[in-house]
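Small disclaimer: the values here were computed from a predicted structure and weren't measured.
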Amino acid sequence: MRKLWCLLAALMLLALLTTAVSADSTAVTSMRTDCAVEADGACTVTLEFTVNFAQGTKEFEIPISSAARDVQCVGASYRLVSGTGCKLLRLEGSFSGPMTLTVSYRLAETVTDDGSSQEFLVHLLYPYWSCPILRYEATVRLPGRFDSLPVFLSGYYGDLIDNYMDITIEDGSIHAVLNEKQTLQDHEAMSVQLQLPEGFFDLRFLAGKTAAVDKLLFFGLLLLTALYWAVFLRNLPILPKRQAMPPEGGNAGEIPFVLTDRDPDLALMVVQWASLGYLTITRARRGSVFLTRLMDMDTERKRFEGEIFRTLFSRSERCDVRSAEYLKARRTAVEKTKKFWQNRVYDPKAGATVFLRLLAAAAGLVLCLACFDLCVASKSWRWFVILPLTLTGAVACWLVQQLGGFLLRRHSLRTALLAVLAAAFLLLTGKYGGLNALMLLNLAVQLTVGFLVRCGGRRTKGGAALGAELLGYRRYLLSTPSEQLCSHLEADPQFFYRVLPYADALQIGRLFAGSFDGARLENCDWLLWEGKELHSAPAFYNRYRSLTASLRGERDPAARRQSHPKRAPVSTRTAPPTRRNPGARPGSAGRRSAADRGRTAAGRGRTPTRRSTDRRGGRR
């Protein structure tokens, strides 16, 4: 009797262990793989399977191809993560018992062409299933009939897996069913391979067909860019030489060309000549800007400056910035300034910075071509989409280069925003094309090229010294405390107005004006402006920006709003009264009263006159 009880206890213990093991095991009871192959080699894969989850299962992963797109899962919520050589659909939650799931995705490329034949290859199972598959069948539907035999490959059985499957071929379809007595173990993999004659698939518009060549061209152009810079444009870095004065005899309008190899700026030349007493600038209420010569320019300035100055006033003592004389002077300023400084600053044997930028942009163009070739669908219309997008990528690379030299070049906020958007466009292009690392390299190259050409090409010894002085003066204006800069106003009340053109040419005009915030400035000697006098540096800087925009022929909405204020209706029976300047005080003398007396008349082009009004606004 005792032996009987021991036997029963052993049987109960064995039953409990068996139940525990079966409760901890998860298995795919049945699975069906359907592959619908299109004429261009694209394939839609659908997995239909039933999983019997063990009790307490918290997570389950479904491996699919790493090139899968348009992934969908019906039957459960999932999170797509990256695995080793594949993507994983990770199901998270609490699972128990049987559950039927349907997973579908699309493969853009399943065919390779060696010139004489085509090979079709699709993976039915990936080797990351964590449970066995008890029953399995697969169907592959091709776009036409074929004569060759398919080859099934397995991770465990190799090419002998077809010995355990029933395979039928009918009307371009391959149907394979695993034997009932055979199961697929966990981490099993399976694929089908088929050799087909040339032309079975139409691969003329196959995605990624030019990607390999584009990558080689990308690296080749990068190498050519680096060699061109090393041979023709390599230059020692310009180290700022701190100094408290601008270069002797320099002109603010020359700085764009001398420092960054851009066109000289006649507007800055005119403003500096005005600060030196050669002319005055008058801004009328309607936005017209006039230059009035006060004295001739002789040999105290550079010869080409005298030629530009004489071109401005070739017809009269007064020049309208919209006249033909001013436009001619602008062209003369660019031509004469470049001719004077070209061989003094830049090595005549050096290469062109624009060619270096074009090489870098060409490298970005071929990389964008590879990305769009990989991500645009394999359709007949794909190249009508790829080519415009590729050209857009090249323009984006050119804009990104602007960021590299942004601190030393005059760019609008709109240009900066466009450059940032261009960088974002390139990053998205690399992401969707699957070339993130190469696109990051491309962005780094574009920014580096922009930084290298920010100060122009290879310089002469004198050009490097002049650049160091300009950068040193820029650093001085940036790093000097505000109190120290404002102290110069005691000895020279016009200090701010004299230095402002240099600060503007060095791209720190607003920061320089901010250093004088809180200080009361004297009236500007050389600027006659219809309206309220300004004694605040930031406010004057805004007016200065409007002035230089007019001198450059640019549109300035803020200046246009100020130059067309709303006026009260005027009676047609009596003449409109002359408004007094609210800032004028009886008995005031000096430059301000003279400016007030002549401002309106100068803006209208006739001799100043005085006219008084009674309290009602009528004439006396």
**OP:** For Leu452 and Leu233, run side chain to side chain contact (heavy atoms under 4.5 Å, CB included): C-alpha distance rounded to whole Å, both residues' side-chain angles, the deciding distance at 0.1 Å, then the answer.
**Re:** CA-CA 9 Å; Leu452 292 175; Leu233 292 173; over 6 Å; no

**OP:** In sequence, state the C-alpha distance, the side-chain angles, and the governing distance for Asp34 and Thr139, and then conclude on side-chain hydrogen bond (donor to acceptor under 3.5 Å, both in side chains).
**Re:** CA-CA 5 Å; Asp34 183 83; Thr139 301; 4.7 Å; no

Subject >> CA sep, side-chain torsions, deciding dist, call: Phe146, Ile169, side chain to side chain contact (heavy atoms under 4.5 Å, CB included) >> reply: CA-CA 9 Å; Phe146 53 91; Ile169 301 175; 3.8 Å; yes

**OP:** Output, in order, the C-alpha distance, side-chain angles, deciding distance and verdict of side chain to side chain contact (heavy atoms under 4.5 Å, CB included) for Cys35 and Leu124.
**Re:** CA-CA 8 Å; Cys35 300; Leu124 304 174; 3.7 Å; yes

**OP:** Given side-chain hydrogen bond (donor to acceptor under 3.5 Å, both in side chains), test Thr50 with Thr100 step by step and report yes or no.
**Re:** CA-CA 4 Å; Thr50 301; Thr100 300; 3.3 Å; yes

**OP:** Report the C-alpha distance between Glu92 and Lys58 in whole Å, list the side-chain angles of each, state the deciding distance to 0.1 Å, and finish with yes or no for salt bridge (Lys or Arg N to Asp or Glu O under 4.0 Å).
**Re:** CA-CA 6 Å; Glu92 297 177 348; Lys58 300 297 183 182; over 6 Å; no

**OP:** Begin with the C-alpha distance, continue with both residues' side-chain angles, and end with the deciding distance and a verdict on salt bridge (Lys or Arg N to Asp or Glu O under 4.0 Å) for Arg545 and Asp504.
**Re:** CA-CA 9 Å; Arg545 289 284 302 275; Asp504 188 23; 5.9 Å; no

**OP:** I would like to know whether Leu447 and Gln401 meet side chain to side chain contact (heavy atoms under 4.5 Å, CB included); could you show each step before the answer?
**Re:** CA-CA 5 Å; Leu447 290 172; Gln401 293 175 9; over 6 Å; no

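The aromatic ring centres of Phe372 and Trp383 sit 6.0 Å or more apart. Checked against a 6.0 Å centroid threshold, the rings of Phe95 and Phe60 do not count as neighbours.
Arg106 CZ: more than 12 foreign heavy atoms inside a 6.0 Å radius. Crowding of Asp114 atom CG: a count of heavy atoms from other residues, nucleotides or ligands under 6.0 Å exceeding 12. Enclosure of atom OH in Tyr432 is not indicated, since only 12 or fewer non-hydrogen atoms of other residues, nucleotides or ligands lie within 6.0 angstrom. Counting heavy-atom neighbours within 6.0 Å of Arg90 CZ, excluding the residue itself, gives a total above 12. By the neighbour-count criterion of 12 heavy atoms within 6.0 Å, atom CZ of Arg242 is densely surrounded, having more than that number from other residues, nucleotides or ligands. The environment of Arg475 atom CZ is sparse: at most 12 non-hydrogen atoms of other residues, nucleotides or ligands sit within 6.0 angstrom.
Arg459 CZ to Leu259 CG: the interatomic distance, rounded to the nearest 0.5 Å, is 6.0 Å. We find the SG-CG distance between Cys368 and Leu426 to be 5.0 Å, quoted to the nearest 0.5 Å. Here Leu369 contributes atom CG and Leu387 contributes atom CG; the two are 7.5 Å apart, rounded to the nearest 0.5 Å. To the nearest 0.5 Å, atoms CD (Gln72) and OG1 (Thr46) are separated by 9.5 Å. Rounding to the nearest 0.5 Å places OG1 of Thr57 at 10.0 Å from CE of Met99. Atoms OG and CZ, from Ser515 and Arg510 in turn, are 13.0 Å apart once rounded to the nearest 0.5 Å.
Remark: Val177 engages Glu137, His175 in a side chain to side chain contact (heavy atoms under 4.5 Å, CB included) (not counting sequence neighbours).
Checked by atom type and distance alone, the side chain of Asp373 pairs as donor or acceptor with a backbone atom of Thr210 at under 3.5 Å.
For the side chain to side chain contact (heavy atoms under 4.5 Å, CB included) with Leu134, the lone residue among Leu184, Leu178, Asn52, Thr183 that qualifies is Thr183. Applying side chain to side chain contact (heavy atoms under 4.5 Å, CB included) to Cys73 and the options Val103, Leu47, Leu80 leaves one that passes, Val103.
Using a 4.0 Å cut-off between a side-chain N of Lys or Arg and a carboxylate O of Asp or Glu, Arg141 and Asp171 do not qualify as a salt bridge.
Counting all heavy atoms, side chain and backbone alike, Leu101 lies closest to Ile62 at CD1-CD1, 4.2 Å. For Cys397 against Ala361, the heavy-atom pair with the smallest separation is CB-CA, 4.2 Å.
By the 4.5 Å heavy-atom criterion applied to side chains, Phe355 and Thr353 are not counted as neighbours. Under the 4.5 Å side-chain criterion, counting only non-hydrogen atoms from C-beta, Val51 is in contact with Phe49.
Residues Glu188 and Ser154 have side chains that bring a donor and an acceptor to within less than 3.5 angstrom of each other. Side-chain atoms of Ser30 and Tyr136 form no donor-acceptor pair, as typed in the model, at a separation below 3.5 Å. Tyr126 and Ser65 are linked by a side-chain donor-acceptor pair at a separation below 3.5 angstrom, with hydrogens and angles left out of the test.
Taking the ring centre of Trp398 as origin, the terminal cationic atom of Arg357 falls inside the region bounded by 6.0 Å and 45° from the ring axis.
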